[in-house]
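Some notes on the structure that comes next.
Along the sequence shown, residues are numbered consecutively beginning with 1. Values below: all heavy atoms of this structure, side chains included; hydrogens, waters and symmetry mates excluded.
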Amino acid sequence: QVYRLILVTLFCCFVGRALNIFGLSAVLNRRAAPEFVIPVGHQVVMWFSGLRGAIAVTLAVQVPGDNHDAIVMTTIVIVLFTTFILGGF
């Protein structure tokens, strides 16, 4: 059950981050002067670089309740995955 939570959360993080980065960049690029347009390569780097952090782990550790262990494990796996797997790109 925790593995399903990890996969769904990882998928939602990727999709949510992609929608934010690529969507907002498209809006900004329409109005920006040519020298300030954000290239797609830079957008991909922003997409990957935003999916890691100690703040997420700190917040997860402070969550009370029955699902505390599942939330902490899911958060740590996502942080490790995005740091070591995506960090290699």
Residues in side-chain contact (heavy atoms from CB on, under 4.5 Å) with A18, at least two apart? F22, W47

Could you go through residues 29-45 and list every donor-acceptor pair under 3.5 Å that involves a side-chain atom there, pairing it with any protein atom two or more places apart or in another chain?
{"from": "N29", "atom 1": "OD1", "to": "I38", "atom 2": "N", "distance (Å)": "2.8"}
{"from": "N29", "atom 1": "ND2", "to": "S25", "atom 2": "O", "distance (Å)": "3.3"}
{"from": "N29", "atom 1": "ND2", "to": "I38", "atom 2": "O", "distance (Å)": "3.1"}
{"from": "Q43", "atom 1": "NE2", "to": "I38", "atom 2": "O", "distance (Å)": "2.9"}

With F11, which of L7, T9, V15 fulfils side chain to side chain contact (heavy atoms under 4.5 Å, CB included)?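 The side chain to side chain contact (heavy atoms under 4.5 Å, CB included) with F11 is passed solely by V15 among L7, T9, V15.
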
For residues 55-77, run the donor-acceptor check on the side chains, cut-off 3.5 Å, and write out each pair with its distance to 0.1 Å, sequence neighbours left out.
{"from": "T58", "atom 1": "OG1", "to": "A54", "atom 2": "O", "distance (Å)": "2.9"}
{"from": "H68", "atom 1": "ND1", "to": "V63", "atom 2": "O", "distance (Å)": "2.7"}
{"from": "T74", "atom 1": "OG1", "to": "A70", "atom 2": "O", "distance (Å)": "2.7"}
{"from": "T75", "atom 1": "OG1", "to": "I71", "atom 2": "O", "distance (Å)": "2.8"}

Check R17 against M46 and note the closest heavy-atom contact, atom names and distance.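 Between these two residues, the closest heavy atoms are NH2-O, 2.9 Å.
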
